[in-house]
Amino acid sequence: MPSRRRALTVLALLLALVVASFVVALATGSIPVTTHDLFTALFGEMFSEKWGGMGETSLAIEVVRGLRLPRALGAFACGGLLALAGALMQVLLRNPLADPYVLGISGGAAVGALLAMLAGLALWFIDLAAFIGAFAAMLIVFGLAHGDSSWTRTRLLLTGVIVAAGCGAAVALMLSIAPEAQLRGMLFWLMGDAGQISEPRPALVVLAAGLALALPFARELNLLARGDVLAQTLGVSVNHVKRGVYFLAALATATAVTTAGSIGFIGLIVPHLTRLGLMKLGWGNDQRLLLPAAALVGGSLLLLADTLARTVVAPQQLPVGVLTALIGVPAFLFLLGREKHA
Amino acid sequence: MHDIVRMAPLIFTRDLSVRIGSHDVCRALNWQVNPGERWAILGKNGVGKSTLLKTLAGLRLAETGELIVCGAPIAVPPARTVGSTLGVPTFSRESQRTLAKRRGYLTQHHSDPFPSTVMETALIGRHPHLGRWDWESTADHEITRAALAEADLVGFAEREVQTLSGGERQRLAVAQLLTQQPQLFLLDEPLTHLDLSHQVAIMELFKRKTQGEFSMTSALVAVLHDPGFAVRYCEHALLLFGNGEWLAGPARNIITAENLTRLYGHPLREIGSDNDRWFIPC
């Protein structure tokens with residue numbers, strides 16, 4: 001069990017990892033960027049003059065400011081949101097293998113986004129449609145699972161899986177009737193692609209707000225992870241907290257999916273990996289540390305994966321979702337295998 | 001320790017009726033548990049012993065009647081008017097906090113879906129005593145270490161919970177309950193999975209927690225299956241007959257071969273002497 005100071009130390013170290021990932025992401029690409037360019041791009045001319053810079057805006061600075069920074073911020077925010085949502089879902093369903101998409105939220109978003117693409121709407125309409133789709137799926141699952149006011153985990157899970165299956169069928173239908181020209185964009189959206197990030201700020205705001213809302217209840221979540229009756233006995237308003245967790249996880253997922261499509265495996269693997277790492281340090285499954293740590297790790301991981309995705313076969317770009325899955329599947333199987341031996 | 005109730009009954013019921021669907025657990029229960037008292041609840045499988053305990057813990061609605069636990073009104077007549085959301089009694093945040101600090105509830109089942117250490121799991125019991133932003137202090141760790149020692153789990157602190165045996169996990173649940181430091185212990189089959197020596201040790205432990213310095217503040221209600229253990233450790237007994245009928249009073253009057261034969265629907269014979277009575281099935 002970590003003390004507050006140790007938890008803050010871990011988070012400070014993870015923040016250093018985040019900064020390092022940003023440096024790598026901003027400096028890597030087809031146009032070379034010097035340390036000086038990077039500082040100028042981020043902190044403005046004043047800083048560069050102090051360093052004796054030339055004071056001209058080079059192409060590199062433009063690329064960092066206009067292209068790489070928004071994309072990096074967006075990728076970081078999405079990774080953080082997915083990891084946070086995954087960690088919350090795992091507590092809510094009391095299953096370490098739950099992920100943010102298990103309740104059909106990404107399916108709903110995909111149906112919304114693909115409908116908007118079929119209709120040939122503008123980019124921001126696609127984002128809006130994805131968000132509406134995600135929330136519609138969330139409300140349907142919540143409404144159905146909540147029907148007789150006894151919302152059990154099995155029921156929630158089953159409803160979610162069925163709604164996700166329905167969405168999958170709708171997506172397949174739309175893909176099969178879509179005109180050739182739109183197919184590539186649709187597939188990229190479905191696989192998750194940070195290249196489509198136009199505006200990273202909403203995702204960053206939701207990530208910050210999500211963490212700020214979840215952390216005051218983190219100890220309550222520790223109890224909830226050990227069972228409803230125990231949590232209720234020790235004074236947790238179980239039903240209120242559960243509903244809060246559900247909506248927060250859903251909002252985080254919907255925002256991430258709206259921003260960058262359904263990027264797989266971050267939401268499943270990052271909370272799991274973080275928990276395993278903290279266990280190795282002897283600090284177990286404490287949500288007070290796990291939630292912010294998973295968000296930082298998730299953000300860094302997606303940021304690095306996206307950097308890889310846009311450079312590994314440059315000038316071709318890979319959808320980052322493919323890369324996270326390609327890395328995620330073996331990593332997850334490896335972890336599962338190790339757990340059996342432990 | 002300013003918020004501890006002294007000498008007032010820890011459980012007070014008037015005309016309390018508890019039902020599971022159409023099955024009566026108890027009808028018009030008029031009952032009181034005072035500090036220093038130890039009560040055994042006896043009855044056949046499925047009569048609703050656990051349900052009654054859950055109701056007393058404030059985790060479930062009663063049908064009708066009045067129920068006050070540790071000074072917190074859980075149900076006032078008629079019980080429904082206290083209001084409910086999602087099948088759980090709702091009372092003020094204040095009552096909920098009071099209950100969480102004062103009454104402990106040992107459940108039959110313990111689940112650990114996530115990896116966690118024994119220490120971490122036992123520390124959970126401190127939750128109601130901590131503020132929203134508090135982290136467990138050294139004092140909380142001391143209380144928890146002492147509780148682990150009392151439950152015979154010295155040297156287990158760093159063990160992974162999922163590697164514990166059934167009996168060890170049960171003792172960890174007891175340690176968690178002690179960490180909570182409640183006044184009222186509600187125990188649902190506390191002896192499950194325990195070997196004979198630990199059965200005795202755990203009952204002795206709870207006896208210590210409700211007598212001497214604790215006899216003015218603490219009490220115990222335990223669902224038990226062995227009438228011998230009941231008469232040995234509890235001075236009072238509540239029998240549930242399964243059709244809503246109940247019988248409550250001093251164990252010496254209530255736990256008799258005749259009553260037990262009726263309770264279990266199987267003839268029992270009493271052996272032993274006054275202070276050491278055991279019951280064996282014929």
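Every chain is numbered from 1, with letters handed out A, B, ... down the list of sequences. Quantities reported herein were computed from a predicted structural model and do not represent experimental measurements. Heavy-atom basis, side chains included; hydrogens, waters and symmetry copies ignored.
- Nearest heavy atoms, B:D134 versus A:R4: CA-NH2, 4.3 Å.
- Residues B:R132 and A:F217 approach most closely at NH1-CD2, 3.5 Å, considering heavy atoms.
- When all heavy atoms of B:W133 and A:P216 are compared, the closest pair comes out as CH2-CG, 3.6 Å.
- Smallest separation of non-hydrogen atoms from B:Q96 and A:S237: NE2-OG, 3.5 Å.
- For the residue pair B:Q176 and A:L230, the shortest heavy atom distance occurs at OE1-CD1, 3.5 Å.
- Counting heavy-atom pairs closer than 4.5 Å to chain A, the top residue among B:P182, B:A173, B:G131 is B:G131.
- The closest side-chain donor-acceptor pair between A:R226 and B:T121 falls under 3.5 angstrom.
- Proximity to chain A is absent for every atom of B:L186, based on heavy atoms less than 4.5 angstrom apart.
- Of the possible polar contacts, one joining the B:E120 side chain to the A:N285 backbone as a donor-acceptor pair under 3.5 Å is found.
- Within the 3.5 Å criterion, the main-chain N or O of B:D112 finds no donor-acceptor partner in the side chain of A:R94.
- For A:V236, the parts lying under 4.5 angstrom from a heavy atom of chain B are both the backbone and the side chain.
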Show your reasoning for whether side chain to side chain contact (heavy atoms under 4.5 Å, CB included) applies to B:K54 and A:V229.
CA-CA 9 Å; B:K54 215 173 164 185; A:V229 175; 4.2 Å; yes
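- Here A:L234 contributes atom CG and B:L130 contributes atom CG; the two are 10.5 Å apart, rounded to the nearest 0.5 Å.
- Put simply, the side chain of B:F114 reaches to within 4.5 Å of the side chain of A:Q90, judged on heavy atoms.
- Taking OG1 of B:T107 as the start and CG of A:D228 as the end, the distance is 11.5 Å to the nearest 0.5 Å.
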Dump the intermediate steps for salt bridge (Lys or Arg N to Asp or Glu O under 4.0 Å) on B:E136 and A:R288, then the final yes or no.
CA-CA 12 Å; B:E136 294 79 0; A:R288 290 174 289 188; 2.9 Å; yes
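- With hydrogens and angles left out, the side-chain atoms of A:T233 and B:R103 include no donor and acceptor closer than 3.5 Å.
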